[in-house]
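Accompanying notes for the structure given below.
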Amino acid sequence: LHVAIIGSGHAGITAAITLRQNADDIKISMITEDNYPHYPRPSIYKIILGKKPEEILHYPKTWYERKEISLFLNSCVVNVNSVNKELLIENGKTISYDKLLIATGSKSFIPPIPGILDGPIYCLRNIEDALAIRERALDSSTGEVTILGGGLLSVELAKTLSDISITPTIIDRSPYLLRKQLDMEGGLFFNKVLDKTFKTRFLFSTTCQKIKHNGKHITISLKDASGMRNHTCDFLLNATGIQNDNELPNNTGINIGKYAIIVDPFMQTNIQDIYAAGDAADIESFPGSKFGIIPTAIDQAKIAAINILGSEVPYTGTMPWNTLKVAGINLTSLGDVTLGVGIREECVVIDDDKGIYRKLFFKDNKLQGAILIGTKQNLHTLKTLTIHHASLKEVKKEIKV
Ligand SMILES: Cc1cc2nc3c(=O)[nH]c(=O)nc-3n(C[C@H](O)[C@H](O)[C@H](O)COP(=O)(O)OP(=O)(O)OC[C@H]3O[C@@H](n4cnc5c(N)ncnc54)[C@H](O)[C@@H]3O)c2cc1C
């Protein structure tokens with residue numbers, strides 16, 4: 001059996017490891033357009049701080065040799081011939097397969113703001129992007145950078161840039177940071193804690209109407225409740241989300257859903273022997289799971305790999321969770337914290353002096369999500385309780401409230 005994996009990100013590497021753990025006699029090929037073997041995406045901030053790409057690689061090339069995984073770097077797959085079971089690489093090379101996993105991830109979403117693409121705009125997805133951001137940041141005359149978007153990536157980027165003497169301004173149309181991970185009160189609390197730790201300006205409830213690249217600097221026309229005004233910066237970073245590159249599956253006749261490749265519960269596409277996992281796979285049919293996060297990519301890749309080897313194990317979804325540590329502040333968001341109607345907030349602790357925020361979210365007396373800022377107390381217990389949708393009584397028994 002020859003399994004080809006397109007992509008060496010979190011889904012690709014997890015699938016390769018799972019395949020090898022369960023079958024030592026199959027042939028595995030990993031084909032990636034990356035110039036480097038697998039590295040965890042969250043490590044690329046370190047490149048902006050000056051680390052060399054080789055320092056963030058998870059496994060050296062010898063690891064792939066030892067595991068007998070044939071690694072093809074700099075190899076963009078442009079087409080899949082699903083009848084002949086053959087991949088066409090940009091350089092003209094072809095690779096045949098028996099079973100294929102598409103783990104091609106996603107790319108940065110560029111918002112349709114007039115003028116945005118009339119000059120350079122920086123996004124962060126891979127090592128090359130991080131090197132380019134570092135070079136531009138070190139070359140900045142004023143040290144003023146604007147980051148579009150107020151999500152996890154923006155916060156991490158802002159902290160990273162402030163460490164190399166850049167003053168970031170984060171602009172977001174929502175009224176607070178990390179809207180996917182925090183409730184409004186949590187977002188405003190996190191903001192206050194961040195304000196004490198590093199220098200960043202935040203412009204919330206603000207939209208960008210137009211962008212003008214003037215050679216040396218960039219002028220952004222902003223709109224907020226008080227009207228229109230201009231904001232000037234040296235360079236622009238876009239962190240407004242992700243989107244899928246559906247060219248390859250489209251060329252192959254693979255069905256695409258709202259965001260990405262449609263898969264059945266066994267992670268198989270509409271084409272026999274072609275599977276998809278990670279950001280490349282659509283999540284619409286798996287309620288409760290979140291698209292574009294590492295835990296989802298890992299869970300799906302494990303299931304895909306096992307099924308490629310002949311099992312029939314369904315993917316049942318992934319509880320979303322994010323943990324990060326920015327400027328020494330721990331932040332965890334578990335499950336769904338944006339439930340809206342019918343939600344009850346319980347076990348709430350808000351301590352401004354200690355910088356601690358804890359809130360648990362219940363719906364129909366079932367634990368659906370939790371936010372922890374400035375503390376990791378009971379983190380693992382809470383994770384288990386959230387997965388099992390424990391009742392308030394069960395939660396109170398397990399954790400100190
Ligand atoms: C800077 C950064 C920080 C992040 N931090 C977090 C975090 O803290 N927590 C979290 O949960 N998520 C985080 N994410 C999101 C997370 O990294 C993704 O959800 C995850 O990487 C998805 O894994 P994947 O394998 O599906 O895709 P990716 O990791 O994006 O890998 C896709 C792979 O496919 C290759 N590829 C694409 N097209 C082709 C082609 N045509 N031919 C050959 N190869 C191709 C790419 O080169 C790459 O190797 C972060 C993302 C970024 C960019």
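Atoms within a ligand are numbered from 1 in the order they appear, just like the ligands themselves.
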Do the side chains of Asp351 and Arg358 get close enough for a salt bridge, i.e. N-O under 4.0 angstrom?
no
Ile294-ligand 1 polar pair, N/O distance under 3.5 Å
yes
Just let me know how Ala103 lines up against ligand 1, side chain, backbone, both or neither, with a heavy-atom cut-off below 4.0 Å.
backbone
Contact (N/O only, under 3.5 Å) between Tyr45 and ligand 1:
no
Please confirm whether Pro40 approaches ligand 1 to less than 4.0 Å, judged on its heavy atoms.
no
Distance, nearest 0.5 Å, that separates CD1 of Ile220 from CZ of Arg229
10.5 Å
Does any N or O of ligand 1 fall below 3.5 Å from an N or O anywhere on Trp321, backbone included?
no
Please answer whether the main-chain N or O of Val313 pairs with a side-chain N or O of Ser311 as donor and acceptor at a distance below 3.5 Å.
no
Would you say the side chain of Lys383 lies within less than 4.5 Å of the side chain of Leu379, judging by non-hydrogen atoms?
no
Answer whether the closest heavy-atom distance between the side chains of Phe235 and Ser141 falls below 4.5 Å.
no
Inspect the contact between Lys366 and Asp336 and indicate whether a charged nitrogen and a carboxylate oxygen are less than 4.0 angstrom apart.
no
Is any N or O atom of Ile293, backbone or side chain, closer than 3.5 Å to an N or O atom of ligand 1?
yes
Which is it for Thr32 and ligand 1 at heavy atoms under 4.0 Å: side chain, backbone, both or neither?
both
Which residues share a salt bridge (charged side-chain N to carboxylate O under 4.0 Å, His left out) with Arg344, sequence neighbours left out:
Glu346
Tell me which protein heavy atom sits closest to atom 25 (O) of ligand 1, plus the residue, atom name and distance to 0.1 Å.
Ala11 N, 2.8 Å
I need the contact type for Asn322 against ligand 1. Using non-hydrogen atoms and a strict under-4.0 Å cut-off, is it side chain, backbone, both or neither?
side chain
Atom 2 (C) of ligand 1: closest protein heavy atom, distance to 0.1 Å, is Leu153 CD1, 3.3 Å
Identified side-chain contact (heavy atoms from CB on, under 4.5 Å) counterpart of Ile211 within the set Ile121, Leu117, Asp118, Leu236:
Leu236
Shortest non-hydrogen separation from Ile171 to Cys208 and the atoms involved
CG2-SG, 4.1 Å
Considering only heavy atoms from C-beta outward, does the side chain of Ile5 approach that of Ile69 to under 4.5 Å?
no
With a 4.5 Å limit on heavy-atom distance, are the side chains of Lys61 and Leu73 in contact?
yes
Is it the case that ligand 1 has an N or O less than 3.5 angstrom from some N or O of Thr323?
no
Below 4.0 Å from ligand 1: does a non-hydrogen atom of Leu324 turn up there or not?
no
As a check for students: among Gln300, Glu247, Glu90, Arg41, identify the option with a heavy atom nearest to atom 28 (P) of ligand 1.
Arg41
On a heavy-atom basis, which atom in Ser221 and which in Met228 lie closest, and how many Å separate them?
CB-CE, 4.2 Å
For ligand 1 and Ser106, I'd like to know whether there is a polar contact (N/O to N/O, distance under 3.5 Å).
no
Return the residue, atom name and 0.1 Å-rounded distance of the protein heavy atom closest to atom 8 (O) of ligand 1.
Pro42 CG, 3.9 Å
Hey, does Leu124 come in under 3.5 Å of ligand 1, counting only N/O atoms on both sides?
no
Taking the minimum heavy-atom distance to atom 42 (N) of ligand 1, which of Ile44, Ile47, Ile89, Val77 ranks first?
Val77
Does ligand 1 have a heavy atom under 4.0 Å from the side chain of Ser75, from its backbone, from both, or from neither?
backbone
So which bit of Asn126 gets within less than 4.0 Å of ligand 1, heavy atoms only: side chain, backbone, both or neither?
neither
